[in-house]
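What follows is a set of notes on a single structure, which appears directly below.
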Protein chains: 2
Amino acid sequence: MSLHQVARACKALHHTFVDRSSARVTLKDIARLAGVHPATASRALDPARGDMLTPETRDRVRRVAQEAGYQVNSFARSLRKNSSGMVGVVVADVANPFLPPILRGIEQIIRAEQKLLLIAETHDDGSTLLEIIDHFVARRVDAVILSAAHLGDEHAVASLAEKIPVVLAVRSVGSARFPTITHDDVLGGQLAAEHLVSLGHRDLAQLRGPMDVSSFRGREQGFAAVMSTTTALERFVDQSATAPTVEEGRRLAKAILDTPGRHPTAFFAHNDLMAVGALEALRDRGLTCPRDISIVGYNDAPLSNHVNPPLTTVRLPSLELGRRVATLALAVIAGSPTEPTIEKLPPELVIRQSTAAPSHP
Amino acid sequence: MSLHQVARACKALHHTFVDRSSARVTLKDIARLAGVHPATASRALDPARGDMLTPETRDRVRRVAQEAGYQVNSFARSLRKNSSGMVGVVVADVANPFLPPILRGIEQIIRAEQKLLLIAETHDDGSTLLEIIDHFVARRVDAVILSAAHLGDEHAVASLAEKIPVVLAVRSVGSARFPTITHDDVLGGQLAAEHLVSLGHRDLAQLRGPMDVSSFRGREQGFAAVMSTTTALERFVDQSATAPTVEEGRRLAKAILDTPGRHPTAFFAHNDLMAVGALEALRDRGLTCPRDISIVGYNDAPLSNHVNPPLTTVRLPSLELGRRVATLALAVIAGSPTEPTIEKLPPELVIRQSTAAPSHP
DNA sequence: TTGAAAGCGCTACCAG
DNA sequence: CTGGTAGCGCTTTCAA
């Protein structure tokens with residue numbers, strides 16, 4: 001096979017090769033085609049200022065632009081207006097099943113405003129967060145929705161907030177210095193505790209998520225608050241999960257079950273994945289849920305009603321949270337007076353089959 | 001309370017109010033501070049061209065920039081370079097549990113290149129796809145990774161590909177006109193069928209996902225291909241799911257179970273959520289899995305090993321797919337010869353407890 | 001109502 | 001190796 005033939009074969013293979021170097025249609029082109037000045041064309045194409053023109057001119061320009069397939073060059077526009085039309089969202093972990101409804105809520109609102117979403121993931125790593133913030137600042141996003149804050153991040157957030165409007169979602173930084181919308185995790189923890197106590201449990205333990213995250217901290221406190229007002233006893237557990245995963249839930253539960261003496265009759269896992277891990281730990285020891293130990297999860301994750309047994313859990317209004325936080329972000333962008341307050345959305349207890357009265361009271 | 005007092009109260013409330021209007025440091029500022037021409041400063045700050053300068057000048061500029069907290073204005077840079085440094089990802093549905101590993105894989109590669117990810121969701125709606133494409137084109141993303149294609153979208157993709165490099169992920173458009181990386185769904189369907197047949201099943205049915213999506217179509221064909229080479233019989237089912245959800249799986253399974261006569265002894269659900277729906281349908285009729293009916297799922301979704309019974313399923317190398325597809329996108333951006341081929345990643349059968357030999361052979 | 005001109009901040013090119 | 005110059009495509013004064 002000659003070189004020539006090879007070349008031909010290659011070319012045939014690449015029959016979809018396209019030349020993308022063709023210059024695109026610019027505003028000037030449209031102006032020329034419509035016989036007006038670029039400035040006029042610009043006005044005609046801006047819905048907000050289209051009525052400064054003769055309807056006639058305006059429509060002509062628009063028609064021409066339409067036919068020519070004109071699209072603004074967003075770089076030029078952004079450079080001029082110094083605003084990108086993008087909203088940055090920072091999450092800890094896309095794989096966390098409680099995120100999608102939040103993202104969807106945010107997206108619904110943001111897209112309705114013709115803005116675009118820039119999503120980045122920190123993996124709960126502080127230096128990654130800093131990097132992402134840098135990127136967002138460099139790209140001049142109109143606002144940042146931050147749902148990956150840790151309790152120590154106040155300083156980083158403050159320095160970001162100097163440059164870009166910031167709204168905190170899901171997790172607060174502790175103080176109420178920034179506009180924040182979270183779930184009411186203290187209430188969530190209370191709900192879980194009250195449910196278990198009213199079932200008759202007197203010896204309970206928490207499987208705690210990372211304690212440097214406000215949402216887990218809130219759950220812990222709500223739960224503990226109820227404990228302290230009843231005759232029930234919360235087991236002292238000195239560990240908490242490094243990440244809210246199945247593995248960590250299993251590890252924590254195992255540690256408790258390995259402790260000599262009677263084990264608690266109920267667990268409050270700080271999320272459903274950890275609850276599932278606890279379920280595994282029980283099974284490993286031949287224990288049954290809820291007969292031997294009751295378990296309450298958190299989040300009402302997608303398949304939590306299909307695990308064995310279906311999980312009693314705390315359901316969060318995440319879609320609503322996403323919508324509100326996006327709306328708030330838009331308000332902040334628009335420069336409306338932003339009171340730096342924390343708004344808390346109430347969760348709801350969903351009782352299924354992983355909780356029951358203790359069998360050895 | 002006087003107006004004045006109100007104003008003061010308000011001000012106190014807004015103590016975190018910040019003035020973000022302060023002009024930012026520009027390249028010109030840095031140049032002046034370092035006593036060089038802006039063009040020189042530009043070179044000094046570009047790692048690729050930094051060695052055109054005296055190390056001395058370069059370092060001085062860099063130090064000044066560092067101290068002044070200089071950040072390039074990405075609009076200006078993009079306008080000049082006509083490239084945004086962003087990669088757009090189009091997905092059907094962020095909530096789909098098989099997506100996170102793919103997104104993570106993509107992100108790993110893309111972030112290593114200092115590019116940013118723009119993520120948008122179609123909800124499997126054609127006009128939304130068009131809108132998103134428009135946005136991406138307007139924003140001049142460097143490339144688009146499209147994992148939400150339908151079998152009819154060839155035209156839309158082609159017109160996008162004229163303007164921006166496109167890489168197809170997960171779902172092909174049918175033909176191999178574009179560089180594409182998918183899972184090998186035909187093989188996946190085969191694996192499921194062979195497993196069931198070797199267990200002794202002779203009367204099987206598929207719970208099909210949307211048939212205008214290549215990945216479901218592939219599963220169907222792989223499964224059917226095995227059926228036709230054995231004595232096993234595939235039930236004719238004229239419906240397929242409108243979306244691969246628990247509800248649709250339940251509906252489809254119910255329709256089959258409602259058909260008079262003996263029911264099949266095994267289902268192949270086109271994904272795990274549908275398999276869980278089928279599980280519900282069985283339970284509704286007092287049937288047990290796998291005793292009465294075996295079920296194979298698809299995807300190995302997060303909690304599928306924790307449902308009751310744990311699901312036999314097909315596991316996909318999604319992280320790897322994400323990484324490859326991102327690498328491919330980068331190659332296409334770099335203008336490397338892109339053979340428009342389909343690459344298929346092999347899945348793996350995971351046998352758990354939702355499948356067993358039929359009890360009434 | 002429309003046109004002219006300026007400039008957003010950066011980089012590519014050409015001279016020196 | 002460095003400086004000057006021009007211009008990316010758009011919007012926004014200001015004048016007419």
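When reading the values below, keep in mind they use all heavy atoms of this one structure, side chains included, and skip hydrogens, waters and symmetry mates. Order of the sequence lines sets the chain letters (A, B, ...), proteins ahead of strands, with each chain counted from 1.
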Check the distance between [N]'s [atom2] and [X]'s [atom1] and give it to me in whole angstrom.
| X | N | atom1 | atom2 | value |
| --- | --- | --- | --- | --- |
| F75(A) | dG9(D) | CZ | C1' | 11 Å |
| R60(B) | dC1(D) | CZ | P | 15 Å |
| N82(B) | dC10(C) | CG | C1' | 13 Å |
| R77(B) | dC8(C) | CZ | C1' | 16 Å |
| L79(B) | dC10(D) | CG | C1' | 8 Å |
| D59(A) | dT2(C) | CG | P | 11 Å |
| K28(B) | dA6(D) | NZ | P | 15 Å |
| D46(B) | dT11(C) | CG | P | 7 Å |

*5' precedence on DNA chain C between M52(A) and A39(A) (nearest-nucleotide basis)*: M52(A)
*Mind checking the NE2-CD spacing from H123(B) to Q108(A)? Nearest 0.5 Å is all I need.*
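With rounding to 0.5 Å, NE2 (H123(B)) is 7.0 Å from CD (Q108(A)).
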Whether [X] contacts [N] is assessed here as follows: a side-chain N or O lying under 4.0 Å from the phosphate OP1 or OP2. Is that the case?
| X | N | result |
| --- | --- | --- |
| T40(B) | dT2(D) | no |
| S42(A) | dT12(D) | no |
| Y70(B) | dC10(C) | yes |
| R43(A) | dT12(D) | no |
| R80(B) | dC8(C) | no |
| H37(B) | dT2(D) | no |

Can you check whether [Y]'s main-chain N or O pairs, donor with acceptor, with [X]'s side chain at less than 3.5 Å?
| X | Y | answer |
| --- | --- | --- |
| R139(A) | S84(A) | no |
| D46(B) | R43(B) | no |
| D142(B) | G85(B) | yes |

Of the listed nucleotides [options], the one nearest the side chain of [X]:
| X | options | answer |
| --- | --- | --- |
| L27(A) | dC10(D), dC8(D), dT2(D) | dC10(D) |
| A76(A) | dC10(D), dC10(C), dG3(C) | dC10(D) |
| R49(B) | dG9(D), dT11(C), dT2(C) | dT11(C) |
| K81(B) | dT11(C), dG3(D), dG9(D) | dT11(C) |

*Is the shortest heavy-atom distance from the side chain of I132(B) to the side chain of T128(B) under 4.5 Å?*
yes
*What nucleic acid atoms does T57(A) come within less than 4.0 Å of, heavy atoms only: base, sugar-phosphate, or nothing?*
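T57(A): backbone/sugar contact only, no base atoms under 4.0 Å.
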*Under 4.0 angstrom, heavy atoms only, what part of the nucleic acid is R140(B) near: base, sugar-phosphate, or nothing?*
nothing
*E56(A)/R60(A) salt bridge by N-O under 4.0 Å criterion*: no
